[in-house]
Asks: 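One structure, as structure tokens, below. Some questions next.
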2 protein chains.
Amino acid sequence: MARAPRTTVRKAPTQARAQETVETILAATARVLARDGYDRASTNKVAEAAGVSIGSLYQYFPSKEALVSALIERHMSRMLQVLTDAGAALPLGGTVRQATRQIIAASYAAHRVNPKLHRVLLEQVPRIGTMGSIDTFEERTLTLVEAFLSMHASELRRSNLKLAAKVAVLAVRGTTLYCVLRSPELLYEEEFIDEVTDMIVRYLEA
Amino acid sequence: MARAPRTTVRKAPTQARAQETVETILAATARVLARDGYDRASTNKVAEAAGVSIGSLYQYFPSKEALVSALIERHMSRMLQVLTDAGAALPLGGTVRQATRQIIAASYAAHRVNPKLHRVLLEQVPRIGTMGSIDTFEERTLTLVEAFLSMHASELRRSNLKLAAKVAVLAVRGTTLYCVLRSPELLYEEEFIDEVTDMIVRYLEA
DNA sequence: CCAGAATGTGAGCTACCGCTCGCTTTCTGT
DNA sequence: ACAGAAAGCGAGCGGTAGCTCACATTCTGG
């Protein structure tokens with residue numbers, strides 16, 4: 001009588017139709033999350049907002065957490081892509097100031113990927129199991145900066161470059177966080193980025 | 001037949017016994033929040049963890065939100081107190097560096113009020129109606145810094161002091177946030193505070 | 001064209017949620 | 001000592017949450 005514990009393997013969508021459904025569901029998730037907050041957002045509401053049956057939702061996402069998790073994952077991977085691209089485009093020859101500004105600008109660019117969603121995720125979504133993607137973003141940034149600093153070690157006044165990298169990254173992060181939460185238009189202000197760059201350069205440069 | 005809409009005025013606890021009950025409930029709220037996260041934390045669980053009946057809980061807190069809200073409010077007002085005290089103790093005669101260091105140290109001190117709880121609130125609690133207390137903390141900090149900067153305007157190289165104050169505050173905030181979320185012991189490291197101070201002073205000073 | 005796989009549906013189950021209320025126990029002032 | 005106020009109790013109500021499953025519909029390859 002004991003029933004086998006129902007493997008419940010969610011299918012990866014193969015047909016275009018299914019891909020669209022998944023997209024629609026994720027978009028609706030973002031909307032409902034923004035409207036109702038995490039704990040008032042129910043999977044039924046999401047399905048309804050997506051114009052999709054609740055069964056379809058559970059065909060692709062095994063739980064509410066998985067659903068939100070997928071949204072986060074997708075968003076963070078897009079941000080990471082922007083950061084990585086900009087990092088790869090770093091010219092090797094410029095001054096420390098130029099390069100610093102470019103790295104900071106890259107971080108700002110990454111935060112320009114759907115800042116509204118980013119804000120909702122920060123404000124409404126309690127830390128969930130798989131928030132690893134956020135850590136990945138932070139670690140990647142730190143790695144990038146550390147590499148950059150050790151390349152220009154001779155031009156810098158800091159001895160403990162790891163510490164300097166961390167402090168610099170955290171300081172910039174403080175500003176991007178504020179932008180996302182309170183003042184998204186600041187993400188586009190070149191002057192603001194200049195100001196932040198100036199602070200970091202003065203901190204680092206000999 | 002229509003019943004008057006039940007005023008449901010929660011009594012303020014007057015007896016010592018009741019005060020203790022309220023304390024116990026708030027402490028239990030923090031524990032359950034840490035253990036289960038916001039949406040899995042139920043008022044029933046909180047009551048059970050507090051060793052108090054669910055009825056008693058609702059005698060003092062009219063809703064789950066109010067409960068969590070009270071916890072936040074209390075925590076933030078304690079942090080604010082620490083900040084304010086330290087701000088009031090600012091010596092008028094010192095160097096910019098000394099004063100800056102003191103303000104930053106004050107912010108760190110404020111974050112040393114129960115950083116574990118602070119982390120839980122940041123990570124687990126989605127933004128709730130009355131999160132005003134957090135804004136109050138930020139605004140107070142900014143006001144303090146702005147006042148400080150305009151007092152020492154002649155010794156600084158910035159022309160736009162409001163902007164400088166904001167950037168400086170956000171940068172420091174980035175570091176405290178990291179400490180609270182990932183590395184609480186850093187809140188006690190004088191060297192780390194020195195490093196951050198150095199960054200800010202170099203940014204501000206002529 | 002059609003068989004079977006992929007996709008989509010939604011009524012409805014269980015479980016637990018936030019919360020109330022009639023009651024008992026403890027405290028306080030006189 | 002005792003009356004009334006304050007504090008504490010917990011079974012249980014109405015509701016909704018997350019999620020399943022038996023079924024209908026659409027797509028795809030041969």
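Note on naming: letters A, B, ... go to the chains in the order of the sequence lines (proteins, then strands), and numbering restarts at 1 for each one. This structure is a prediction, so every number in the text was calculated from the model and none was measured. Heavy atoms only: backbone and side chains are in, while hydrogens, waters and symmetry mates are out.
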Asks: Could you check A/L161 against A/E146 for side chain to side chain contact (heavy atoms under 4.5 Å, CB included), going step by step and ending with a plain yes or no?
Replies: CA-CA 7 Å; A/L161 289 186; A/E146 278 174 1; over 6 Å; no
Asks: So if I take every side-chain heavy atom of A/V52 and compare against C/dT26, C/dT9, D/dC9, which nucleotide ends up nearest?
Replies: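 The answer is C/dT9, which lies nearest to the side chain.
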Asks: Rounded to whole Å, please give me the gap between CG in A/L67 and P in D/dC19.
Replies: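 My rounded result for the distance is 10 Å.
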Asks: Nearest to the B/N44 side chain among C/dC19, D/dG18, D/dG8, which nucleotide is it?
Replies: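 My answer, after comparing the listed nucleotides, is C/dC19.
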Asks: Can you tell whether the side chains of B/R173 and B/E138 come within less than 4.0 Å, N to carboxylate O?
Replies: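 Result for this pair is yes, salt bridge flagged.
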Asks: Any base atoms under 4.0 Å from B/S42, or only sugar-phosphate, or nothing? Heavy atoms, all strands.
Replies: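 Sugar-phosphate only.
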Asks: What is the distance, to the nearest angstrom, from the CD1 atom on B/I54 to the P atom on D/dC9?
Replies: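 Value for this atom pair: 11 Å.
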Asks: Please tell me if the side chains of B/M79 and B/R74 come closer than 4.5 Å, counting only heavy atoms from C-beta onward.
Replies: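 Result no, sub-4.5 Å side-chain heavy-atom pair not found.
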Asks: Roughly how many Å is it from CD in A/Q15 to P in D/dT28, rounded to a whole number?
Replies: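 Taking atom P of D/dT28 as the reference, CD of A/Q15 is at 5 Å.
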Asks: Quick check for you: among C/dG8, C/dT26, D/dC19, whose closest atom lies nearest to any side-chain atom of B/R17?
Replies: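 Nearest listed nucleotide: C/dT26.
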Asks: Looking at every strand, decide which applies to B/A41 at a 4.0 Å heavy-atom threshold: base, sugar-phosphate, or nothing.
Replies: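 Touches sugar-phosphate only.
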Asks: Where the side chain of A/S63 is defined as all heavy atoms beyond and including C-beta, which of D/dC19, D/dG8, C/dC17 is the nearest nucleotide?
Replies: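 Out of D/dC19, D/dG8, C/dC17, the nucleotide with an atom closest to A/S63's side chain is D/dC19.
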